[in-house]
Amino acid sequence: MPGPAPSTSAWLAGLLPAGPATDAAARWCDRLALLLFVALAALALWIFGDYGVTWDEPPHLTYGNLIGRYYLSGLQDTAALEFRTNYYYGGGYDAFGALFRWLAAPMSNTRAIHMLGGLVGVLGVIGTWRLARRLAGPFAGLVAALLLATNPVYFGHMFNNPKDLPFAVAYVWALDALIAVIAALPRPRRGQWLALTFAFGAAMSVRIAGVLLLCYLGLALALYAAHQGKMRRSLDAALAYLARLGTRGLGVAAGAWALMLLTWPWALQDPLRRPFVTLTHMSSYSLHRRKMPFGGEDILNTEIGWDYLPTYFGYQLPELVLLAGLLGSAVAVFGLLRHGHQHRHLSPALALLTLGLATWLPPIYAIVKDSVLYDGYRHFLFVVPPLTVIAALAIELAATRLRARLRAGRIIVAAVVAACSLDLVLTMHRLHPHEYIYFNRLIGGLGGAQGNYDTDYYGNTFKEALTGLQRWLWRNDPDGYLDTVYSFRGCISSPTARHYLPPNIRRHQRKLFGTSADFHVGYTRGHCDQKHPDAPVIVAVEREGARLNVVKDLRERAPR
């Protein structure tokens, strides 16, 4: 017979379950999770070549090479200390990418880094599973992994985002290591402290924003020590706990800081000051000043309102993650306020507080500080895995409550999650390989977002557009195509275009080709697709009724 529905206190007490789950349902959840990881890795290895070169990739590839040259030259080649603005970033992923590309030779640099990105993205799904499983058991872990694996924005960024995706992966693994330490307080094992150090260092080596993890650690240790002192009614006890745990925390901070500096030549020159210079600079970064569509209007990214991030999260998160994430956050706040002070809930409360802060503090800080934002929520991709974990916790709670009233309650919840995930898989198939431009049904999908919000802000569609141009020329002018040099102009960088085009299709130069180019290539950003309105469109990249990129034939137009 089903029993009474569990209270919020019982749910909080059930977090961080001790010991491995041994029942049949738990084993099946773990087996299905493993199957998901294998399938996702196989899929990544199958499709990684489908993705285009984004704006960020060429400079990050170069930066990784320069870091390698810095060390191979005995610290004499200092080009990495002044390369573009990349020197403001840690080079952990870029340096690792350079090593991977060297090992993957003769595979091209682009294909190799896309393969690596896909596999790193799978690692992020595994980290999300570990975190949710550690907090609430195998079913929550499976749900979290499935929700993240079928998140189109996350999946699309796996293959060609060399900055935000790796940081998101390192961030969720660091949170998992941190919550493992919290669960083991007051005596975490040495291996847990070392894992925490490595995970923190990996995150900070990609983006200095990873220093927030040290703040979460310090807060958790301080609250634990304060609670112990309160229980014993002794300030000396609180200070003793704080001294012992604080010493370990400082060791983690020092080790993570050293790991961060290893692949950051610029910060290595002044290791105590320059990382904080970067943190200050990046929190008010304004070099990419541009207009972008938002709510149907073109606005400057330096003049956005508080609703920018909430709008993009609201329209680009899958509906189930959005709903469950918000409800789970509300339940967590209620549970912490009502029961978090109780001694029996200390570790779960600290773990839940850490997860909530890691999810909500960064975007709220950016909104309050009025930070410069652009490219949707790309720079806050790192909060998507922990938000997905919160959603999984809410779904686990719903399944537990429903099962208390209905024997098949958990099966019903699992079926809903599976149906939503299948729907997202079909959507991703329709969008491929542009999954990251996904918009949910709250705005009417991608068609509802077109013209109102940024879609292909990363230039991923240029590969399909320029490949289409080659096919169109071969189909319509096969004889001329073999002995003609064509020119094009458009909103695409020369390094990116060279990845897609043969030598006989070149960027327009007036001294070589005269006043007019043969073709115009443009995506929707900056209304580049609307230039030359009287020229015929010969190639159009479209998904779900939305036009994303066009190639126009300019050869019949009068020279200008």
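Because the structure is a prediction, the values reported are computed rather than measured. This chain uses plain numbering: 1 for the first residue, then up along the sequence.
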Looking at OG1 of Thr524 and CG of Asp454, how far apart are the two atoms once the value is rounded to the nearest 0.5 Å? 7.5 Å
Of all heavy-atom pairs linking Ala144 and Thr388, the shortest is O-CG2, 3.5 Å
CG/Leu350 to CG/Leu336 distance, rounded to the nearest 0.5 angstrom? 9.0 Å
Whether His343 and His227 hold their rings parallel, tilted or perpendicular, with breakpoints at 30° and 60°: parallel
Is there a donor-acceptor pair under 3.5 Å between the side chain of Arg525 and the backbone N or O of Tyr457? yes
Closest approach of Pro362 to Leu357 (non-hydrogen atoms, all atoms of both residues): CD-O, 3.5 Å
Between the main-chain N or O of Ala177 and the side-chain N or O of Gln192, is there a donor-acceptor pair closer than 3.5 Å? no
Does the Gln228 side chain pair with the main chain of Ala237, one donor and one acceptor, at a distance under 3.5 Å? no
Against Tyr438, only a single residue in Leu317, Thr455, Leu431 fulfils side-chain contact (heavy atoms from CB on, under 4.5 Å); can you say which? Leu431
Pro186 side chain reached by Tyr241 side chain, heavy atoms, under 4.5 Å: yes
Does the side chain of Tyr458 come under 3.5 Å of the side chain of Asp56 through a donor N or O and an acceptor N or O? yes
Any donor-acceptor pair under 3.5 Å from Asn440 side chain to Tyr315 backbone: yes
Taking the ring of Tyr377 and the ring of Tyr312, is the distance between their centroids below 6.0 Å? no
Would you say Glu57 and Asn160 make side-chain contact, with heavy atoms under 4.5 Å? yes
Looking just at side-chain N and O atoms, do Thr400 and Arg403 make a donor-acceptor pair shorter than 3.5 Å? no
Ring centres under 6.0 Å, that's the criterion: do His432 and Tyr51 meet it? yes
Can you check whether Phe294 reaches Asn301 side chain to side chain, under 4.5 Å on heavy atoms? no
pair Glu544-Phe439: side-chain heavy atoms closer than 4.5 Å: no
Which heavy-atom pair separates Pro188 from Leu185 by the least distance, and what is that distance? CG-CD2, 3.9 Å
I'd like to know if Asp456 and Arg543 make a salt bridge, using a cut-off of under 4.0 Å between side-chain N and carboxylate O. no
Taking all atoms of both residues into account, what is the closest heavy-atom pair of Gly249 and Leu221, and its distance? CA-CD1, 4.1 Å
Any side-chain heavy-atom pair of Asp370 and Trp306 under 4.5 Å: no
Just do the side chain to side chain contact (heavy atoms under 4.5 Å, CB included) check on Leu40 and Val125 with the steps written out, would you? CA-CA 9 Å; Leu40 191 60; Val125 174; 3.7 Å; yes
Go through it in stages, so that I can follow the logic: the residues are Arg207 and Asp164, the test is salt bridge (Lys or Arg N to Asp or Glu O under 4.0 Å), and I'd like the CA-CA distance, side-chain angles, deciding distance and then a yes or no. CA-CA 8 Å; Arg207 279 175 60 179; Asp164 308 296; 3.2 Å; yes
Could you tell me if the side chain of Val413 sits less than 4.5 Å from the side chain of Val143, heavy atoms only? no
Side chains of Pro318 and Ser421, heavy atoms from C-beta outward: is any pair under 4.5 Å? no
When you compare the side chains of Thr461 and His434, does any donor N or O come within less than 3.5 Å of an acceptor on the partner? no
Does the ring centre of His157 sit less than 6.0 Å away from the ring centre of Tyr436? yes
So, using side chain to side chain contact (heavy atoms under 4.5 Å, CB included) as the criterion, who are the partners of Asp30 when residues are at least two apart? Trp129, Arg133, Pro138
Can you name the closest pair of heavy atoms from Leu373 and Leu309 and give their distance? CD1-CG, 3.6 Å
Going through the distances and angles, do Ile113 and His60 end up as a side chain to side chain contact (heavy atoms under 4.5 Å, CB included)? CA-CA 10 Å; Ile113 205 67; His60 277 270; over 6 Å; no
Looking at Trp28, I'd like to know if the NZ or CZ of Arg31 sits under 6.0 Å from its six-membered ring centre while staying within 45 degrees of the ring's axis. yes
Checking Trp193 against Leu196 for the side chain to side chain contact (heavy atoms under 4.5 Å, CB included) test, could you report, in this order, the C-alpha distance in whole Å, the side-chain angles of both residues, the deciding distance, and whether it holds? CA-CA 5 Å; Trp193 289 114; Leu196 187 64; 4.1 Å; yes
Apply side chain to side chain contact (heavy atoms under 4.5 Å, CB included) to Leu424 and Leu320, showing your working. CA-CA 10 Å; Leu424 287 167; Leu320 181 59; over 6 Å; no
Return the minimal non-hydrogen interatomic distance between Leu178 and Tyr216, and the atom names on each side. CD2-CB, 3.8 Å
Using a 4.5 Å cut-off on heavy atoms from C-beta on, say whether the side chain of Ile304 contacts that of Met292. yes
Relative to each other, are the rings of Phe159 and Phe155 parallel, tilted or perpendicular (30° and 60° limits)? perpendicular
Arg441-Thr427 side chain donor-acceptor pair, cut-off 3.5 Å: no
Tell me, yes or no, whether the heavy-atom count around Ile411 atom CD1, taken from other residues, nucleotides or ligands under 6.0 Å, exceeds 12. no
Measuring from atom CG of Leu223 to atom CG of Leu353, what distance do you get when rounded to the nearest 0.5 angstrom? 6.5 Å
